[in-house]
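In this text the structure is predicted, and so the values were computed from the model without any measurement. The chain is numbered in sequence order, starting from 1.
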Amino acid sequence: FLNFRNSLIDEKLTGEELANELKGYAKFVNNATGRGNLGFLEASAPVLNGAFFSPRLLASRINLINPVFYAKLPPKTRRDAVVSALGFFATASMIAVLSKLGWGCPDDCEDCEKCVQLETDPRSSDFMKIRYNGIRYDVFGGFQQLIRTATQVGTGEKKSTSTGEVKELGEGYKADTRGDVLFDFFINKSSPSGAIIGDILRGKEKYGDEELSIM
């Protein structure tokens with residue numbers, strides 16, 4: 001923030017124009033560091049903190065992938081914010097892709113679990129996660145879940161992480177619906193007490209790939 005302020009002063013910005021740029025940049029820095037504004041829900045922050053795990057972090061991630069957020073920033077702040085965001089996504093994508101290229105399965109692979117796997121389909125829960133030796137590494141810092149959920153709801157399709165099969169939401173016996181996808185997203189973002197309430201409402205708890213009845 002101080003570097004940005006000094007650069008504006010070097011450019012001879014003063015008065016209201018300088019104040020607007022600094023106010024906009026403070027808003028960007030808050031979102032970039034996980035302290036998003038809750039908008040009309042700001043007054044309900046204490047309640048949201050009890051129901052969700054870090055609602056400001058979720059708000060910040062939504063803002064940073066929302067073009068409207070950047071459009072409302074002052075010109076110089078917008079330029080710096082867009083460059084920063086693009087740099088983050090480019091770096092995270094490069095890390096994931098290079099991991100796959102460097103440690104992916106060779107032609108004579110006999111044990112793929114010991115090679116790096118990378119899912120590029122946003123309909124899958126493993127989208128852009130580096131999977132190695134049974135462990136998943138998410139290098140996108142909270143953005144992946146938003147992109148995946150939006151894609152699954154938008155396309156009405158979900159890809160299995162175990163079989164690779166793509167299923168239509170709402171099709172078949174006990175199939176997940178768009179509502180289930182959204183419900184799971186918010187349950188995964190909820191606090192322990194919020195998750196308990198969610199489990200009671202749907203009558204089951206979920207541990208990994210297993211669902212246990214609690215009713």
Side-chain angles (χ1 to χ4, degrees), residues 1-7 21 24-37 53-54 56-155 157-166 181 184-185 188-189 208:
F1 179 86
L2 290 177
N3 288 338
F4 182 74
R5 172 185 175 276
N6 292 337
S7 70
E21 289 287 352
Y25 203 75
K27 183 178 181 181
F28 167 66
V29 169
N30 283 340
N31 280 276
T33 53
R35 299 171 180 85
N37 187 281
F53 174 78
S54 190
R56 292 189 184 280
L57 176 62
L58 176 58
S60 73
R61 294 306 179 250
I62 294 174
N63 286 334
L64 291 175
I65 61 173
N66 182 8
V68 176
F69 170 78
Y70 296 95
K72 291 182 177 180
L73 294 175
K76 296 182 184 299
T77 298
R78 184 188 310 124
R79 177 196 62 199
D80 216 62
V82 169
V83 169
S84 178
L86 291 177
F88 168 79
F89 285 108
T91 301
S93 299
M94 181 177 66
I95 291 172
V97 172
L98 289 179
S99 297
K100 169 67 174 177
L101 293 176
W103 295 282
C105 292
D107 293 336
D108 57 347
C109 180
E110 296 181 355
D111 187 0
C112 293
E113 279 299 315
K114 294 183 179 180
C115 300
V116 168
Q117 307 291 323
L118 181 67
E119 175 61 75
T120 57
D121 191 331
R123 295 171 298 180
S124 170
S125 296
D126 279 345
F127 173 59
M128 294 306 288
K129 290 181 180 178
I130 302 170
R131 191 174 68 202
Y132 173 71
N133 201 24
I135 300 175
R136 291 168 171 81
Y137 301 90
D138 183 3
V139 295
F140 280 87
F143 293 100
Q144 186 267 3
Q145 293 87 350
L146 286 168
I147 297 171
R148 180 253 302 167
T149 300
T151 301
Q152 289 178 347
V153 172
T155 62
E157 296 177 337
K158 187 176 183 180
K159 185 176 181 180
S160 171
T161 57
S162 55
T163 65
E165 181 184 0
V166 176
V181 171
D184 284 342
F185 173 80
N188 290 333
K189 295 295 182 182

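- Closest approach of A32 to L64, counting heavy atoms only: CA-CD1, 3.9 Å.
- Counted within 6.0 Å of CZ on R78, heavy atoms from surrounding residues, nucleotides or ligands total more than 12; the atom is thus considered enclosed.
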Task: Check against side-chain contact (heavy atoms from CB on, under 4.5 Å), Y132 and C115 - done: CA-CA 6 Å; Y132 173 71; C115 300; 6.0 Å; no

Open item on the list: One pair to check against side-chain contact (heavy atoms from CB on, under 4.5 Å): F4 and D80. What are the steps and the verdict?
Closed with: CA-CA 9 Å; F4 182 74; D80 216 62; 4.2 Å; yes

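- When K158, K159, R131 are each tested for a salt bridge (charged side-chain N to carboxylate O under 4.0 Å, His left out) with D126, only one passes: R131.
- If you take CZ on F89 and CE on M128, they are separated by 11.0 Å, rounding to the nearest 0.5 Å.
- Here CZ of R61 is found 4.0 Å from CZ of F143. Values are rounded to the nearest 0.5 Å.
- With R79 contributing its side chain and T77 its backbone, the two residues share no donor-acceptor pair below 3.5 Å.
- Here the OG-CZ distance, from S60 to F69, works out to 9.0 Å after rounding to the nearest 0.5 Å.
- When all heavy atoms are compared, the tightest approach of S124 to Q144 is O-NE2, 4.2 Å.
- Qualifying side chain to side chain contact (heavy atoms under 4.5 Å, CB included) partners for I95, counting only residues two or more places apart in sequence or in other chains: T91, S99, I130, V139.
- Using modelled atom types, one finds no donor on one side chain facing an acceptor on the other under 3.5 Å when comparing E165 with S160.
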Task: Audit row: Y137, K129, side-chain contact (heavy atoms from CB on, under 4.5 Å) steps and yes/no - done: CA-CA 6 Å; Y137 301 90; K129 290 181 180 178; over 6 Å; no

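- Atom-to-atom distance recorded for D121:CG and T161:OG1 is 12.0 Å, nearest 0.5 angstrom.
- Between N31 and K27, the closest heavy-atom pair is ND2-O, 2.8 Å.
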Open item on the list: Go through it in stages, so that I can follow the logic: the residues are K76 and E21, the test is salt bridge (charged side-chain N to carboxylate O under 4.0 Å, His left out), and I'd like the CA-CA distance, side-chain angles, deciding distance and then a yes or no.
Closed with: CA-CA 7 Å; K76 296 182 184 299; E21 289 287 352; over 6 Å; no

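- If you take CZ on F185 and CZ on R148, they are separated by 8.0 Å, rounding to the nearest 0.5 Å.
- The heavy-atom pair separating G24 from P74 by the smallest distance is CA-CD, 3.9 Å.
- We find the CZ-CG distance between F1 and N6 to be 10.0 Å, quoted to the nearest 0.5 Å.
- Pairing each heavy atom of G142 with each of D138, the nearest pair is N-OD2, 4.4 Å.
- A pairwise comparison of heavy atoms in L73 and A81 identifies CD1-CB, 3.9 Å as the closest pair.
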TODO: List the steps, then state whether side-chain contact (heavy atoms from CB on, under 4.5 Å) holds for N30 with N37.
DONE: CA-CA 8 Å; N30 283 340; N37 187 281; over 6 Å; no

